[in-house]
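Read through the structure below, which is laid out as structure tokens, and then see the notes.
Remember, predicted model here, so these are calculated numbers, not experimental data. Numbering of ligands and ligand atoms starts at 1, following listing order.
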Amino acid sequence: MHLMNPQPDQAASSEQPSPASTDGHRALLDRHSSVLSRIAAGARACGRNADAIDLLAVSKTFDAEAVLTLATHGQRRFAESYLQEALPKMATCHDQWAIRPSGRSADDRLEWHFIGPIQSNKTRPIAEHFDWVESIEREKIALRLSEQRPAHLAPLQVCIQVNVSGEASKSGCSPDEAVLLARSVCAMPRMRLRGVMAIPAPSDAFAVQRAQFAAVRAVFERIRAEGFDIDTLSMGMSADLEAAICEGATLVRVGSALFGAR
Ligand SMILES: *Cc1c(COP(=O)(O)O)cnc(C)c1O
């Protein structure tokens, strides 16, 4: 992996965007601020504390420079859906973030979530490179991830992906399957169950959005009622984050409203 020479003056100059990209950087930071404002307003509208809701920046199809721009603006949690694209991007971000001079502590690192479909021949690099996997929908995949999680890393933080839209969605397991899968994941040594994730079928109607998120929340509550200590309700994207927040989302996954259209 190519590391830039970490000389102070060189590192400092890498902090300055080139004139050509300054507008792009500013637009990105403006969109980041407006998404954070939407989260705060959404929380206020339903009487929740905005501190209980975190933003996961979905950087799929966008480059390392966009990630680093948001990181410089305080964003730490990023998500990717396509492994091939994610691995080199994550390596670049890791190297560049390590040399950016802003007086950070050594444990101030970027956190990466895998949120895409997982084929069984791709589990090893996912287990080796990601902090979280939110798209767990099969026991076989979960077992492989647990077996392949390197011993020197923290357990993989995971969410079960739930399908509350029936035929309208191909990803995620049914609510009943999700509860069973949660039990078996909790018994896997290198996995730490954190909650559930869902991508409901899109709808323009706020009431329909809310009803679907309420169904996701019900699965979360069922798993918690079994005594599992979970804290993450990952739901809400660019088009429907307000409805998700009303139904208790703790993590909203936002791509296009932050980075632009894909
Ligand atoms: C792409 C993606 C998102 C972000 O969607 P936007 O509509 O761009 O905000 C969120 N979650 C998952 C699982 C995704 O694949």
Worksheet item: Ion pair present between D229 and R224, side-chain N to carboxylate O less than 4.0 angstrom?
Response: no
Worksheet item: Do H73 and S33 touch side chain to side chain, with heavy atoms closer than 4.5 Å?
Response: yes
Which pairs would a plain distance check flag for residues 52-60, meaning a side-chain donor or acceptor within less than 3.5 Å of a matching protein atom at least two apart in sequence or in another chain?
| unit_1 | atom_1 | unit_2 | atom_2 | d |
| --- | --- | --- | --- | --- |
| D54 | OD2 | R77 | NH1 | 2.8 |
| S59 | OG | A79 | O | 3.4 |
| S59 | OG | E80 | OE2 | 2.6 |

Item to complete: Please list, chain by chain and in numerical order, all residues satisfying ring pair (Phe, Tyr, Trp, His ring centres under 6.0 Å) with F213, sequence neighbours excluded.
Response: none
Item to complete: Please list, chain by chain and in numerical order, all residues satisfying side chain to side chain contact (heavy atoms under 4.5 Å, CB included) with S238, sequence neighbours excluded.
Response: V254, S256, A257
Discussion item. What I want to find out is whether R194 reaches D231 closely enough, with some N-O distance under 4.0 Å, to be called a salt bridge.
Written reply: yes
Practice prompt. Quick one, list the residues around ligand 1 where some non-hydrogen atom comes in under 4.0 Å, by chain and residue number.
Written response: V58, K60, S81, I115, I199, M237, S238, R253, V254, G255, S256, R262
